[in-house]
Amino acid sequence: MAVTASVPHRLPEAPREARRSAGEISRPMRLSVLGATGSIGTSTLDLVSRTPERFEIVALTAQSNAKELAALAIRHGAKLAVIGDESRFDELRDALAKTGIRAAAGAGALTEAALEPADCVMAAIVGAAGLRPTFAAASQGGRVALANKECLVSAGHVFTAAIARSGAELLPVDSEHSAAFQVLSGADPQAIDKIVLTASGGPFRSWTRDAIAAATPEQALKHPNWSMGAKITIDSASLMNKGLELIEAFHLFPVSVEKLDCIVHPQSIVHCLVSYVDGSVLAQMAPPDMRTPIAVALAWPDRMGAPTEKLDLARLATLTFEAPDEERFPALRVARAAMRRGDTAPAVLNAANEVAVKAFLDRRIKFLDIAALVEETLEAAERQGAICAATNLDDILSVDELARILSNEKLSGY
Ligand code: NAD
Ligand code: MG
């Protein structure tokens, strides 16, 4: 089934007064951070450390850096610290000895950390590895501050259904989606003409196709505006990230795929533009610092301070926009096609892209091979009948696994 129908607005819309009278902000927010040692995780904890009285840290998780995880858990007074890689458990346990902080390890423990009672879970694990823990967070019924876009890309319908079932609040952390969330607040879906996400264009924005084809991992890892983890930085350079974000937006906002678009905006000041049927265009602006959208997700419906640079438009003087070039950035074309195809195509896209990005960073393939490998994997999955409707997370994870097998097989031909 192609995903062309409008979907209901799934983001929370409770009025401010109702929340205030419920007294929800009178005690500290119990917060867990999945992926605490990463770029989003440390930015979240940076905000927490500036107003510690607002938060009570429940669980922190990381994959392999036990030393840093233990230090964060001690600094923020967490109750639980979980390391994904079981071989690092002894290191974590020893570092937390006599602190009273519980230590655990392994994939199951990551999911249990997400199930610890909390008012908000920051879901900031990178990649499809974040799916199970983020689904667990969603099942709790509290707030899910969603940085792990893969959850919506790979498992969009299944994830939004899980959110609806539990009554959880889903708040986007991705800057463009946070921008759209702020701009759309209360909008009548019928009045929306277009939601346009901006893309910085990445380090290769003005490069020729031949130069892009020869790009090295070091060049691709130099993002002009944002400081982020390695995976998303490569996705930003290929524009795959914008393709993933269009799919993410489709599941978050009440519009059909035809009403979603993107535009290159090298300064990364405007994060999203929403045009309405009457010709009005509303946009959100902020300096490129993830602490702004993280603060929005933590404090909504209120606002909290974030120590970001203040926007100085007179100093910036010029904001520019240009159309994305799918000839030089084929990953965007491939992602858009997967979005239109719907069903499990985005899950295959995401898994194949994770394999391809790793292969590029390991210098096994060239930069433009990333999009080619993903497209070939999508075609192979379609031939095998693996692009189909999914009804639960296990279906999605099976398709994810198959896509990884297919793309790894294809990798050997490169
Ligand atoms: P990162 O690589 O900096 O950090 C990832 C975190 O996840 C780390 O704490 C790491 O220990 C943990 N992790 C890695 N592999 C894991 C695994 N297999 N199991 C469990 N934990 C694992 O990534 P990031 O840049 O912070 O991105 C996190 C998520 O947020 C991604 O989904 C990304 O797309 C999204 N996001 C990031 C930014 C940004 O500015 N960094 C912006 C928008 C969205
Ligand atoms: Mg983004």
Side-chain angles (χ1 to χ4, degrees), residues 32-46 59-69 72-73 81-86 88 92 104-114 122-134 136-137 144-155 171-181 197-200 202 221 223 225-236 239-249 252 262 265 268 270-272 284 286 288-294 296-297 350 353-354 357-358 361 400:
S32 290
V33 183
L34 313 178
T37 54
S39 166
I40 294 289
T42 49
S43 290
T44 303
L45 291 172
D46 175 69
L60 298 181
T61 82
Q63 177 59 10
S64 48
N65 193 340
K67 201 166 153 224
E68 195 190 337
L69 176 63
L72 289 172
V82 176
I83 192 89
D85 180 348
E86 294 184 51
R88 309 290 175 106
L92 180 67
L110 289 175
T111 299
E112 279 161 31
M122 170 58 70
I125 292 175
V126 61
L131 260 60
R132 266 202 201 286
T134 308
V144 179
L146 189 71
N148 179 267
K149 64 187 80 183
E150 295 83 357
C151 232
L152 283 172
V153 172
S154 295
L171 291 194
V173 170
D174 217 340
S175 53
E176 300 77 1
H177 306 74
S178 171
F181 171 62
L197 312 179
T198 60
S200 69
L221 284 168
H223 196 283
N225 303 342
W226 297 95
S227 156
M228 309 181 286
K231 161 69 170 48
I232 184 172
T233 303
I234 300 298
D235 288 346
S236 299
L239 289 200
M240 179 62 88
N241 185 49
K242 218 43 54 180
L244 300 178
E245 290 185 354
L246 287 171
I247 300 168
E248 185 184 7
L252 285 170
C262 60
H265 166 47
S268 297
V270 177
H271 301 289
C272 178
Q284 185 260 7
D289 185 324
M290 287 306 293
R291 289 175 299 184
T292 295
I294 293 169
V296 171
N350 181 67
N353 182 54
E354 286 188 22
V357 168
K358 179 164 189 314
L361 289 172
D400 176 280

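In what follows, residues are counted from 1 in the order of the sequence shown. Counting convention: from 1, in listed order, for ligands and their atoms alike.
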(Q) Please determine whether the number of non-hydrogen atoms from other residues, nucleotides or ligands lying under 6.0 Å from atom NZ of Lys358 exceeds 12. (A) no
Q. Applying the side chain to side chain contact (heavy atoms under 4.5 Å, CB included) test to Asn148, which of Val173, Asp174, Thr134, Val153 qualifies?
A. Thr134
Q | Three-point angle Asp174:OD1, the Mg ion (ligand 2), Glu176:OE1, rounded to the nearest 10° | A | 100°
Q. Name the one of Leu72, Ile40, Ile294 that satisfies side chain to side chain contact (heavy atoms under 4.5 Å, CB included) with Leu45?
A. Leu72
Q) Among Thr198, Asp289, Asn225, whose side-chain hydrogen bond (donor to acceptor under 3.5 Å, both in side chains) with Ser268 holds? A) Asn225
Q.
Please find the pair of heavy atoms, one from Ser154 and one from Leu131, that lie closest to each other, and give the distance.
A. CB-CD2, 4.2 Å
**Q.** Interatomic spacing from CG in Leu197 to NE2 in His271 - rounded to 0.5 Å
**A.** 12.0 Å
Q | Close residues, ligand 1: non-hydrogen atom nearer than 4.0 Å | A | Gly35, Ala36, Thr37, Gly38, Ser39, Ile40, Ala62, Gln63, Leu110, Ala124, Ile125, Val126, Ala129, Ala147, Asn148, Lys149, Glu150, Asp174, Met228, Gly229, Ile232, Met290
Q | Among the N, O or S atoms of Glu245, the one nearest the Mg ion (ligand 2) | A | OE2
Q. Using a distance-only test with no angle check, is there a side-chain donor-acceptor pair under 3.5 angstrom linking Asn350 and Lys149?
A. no
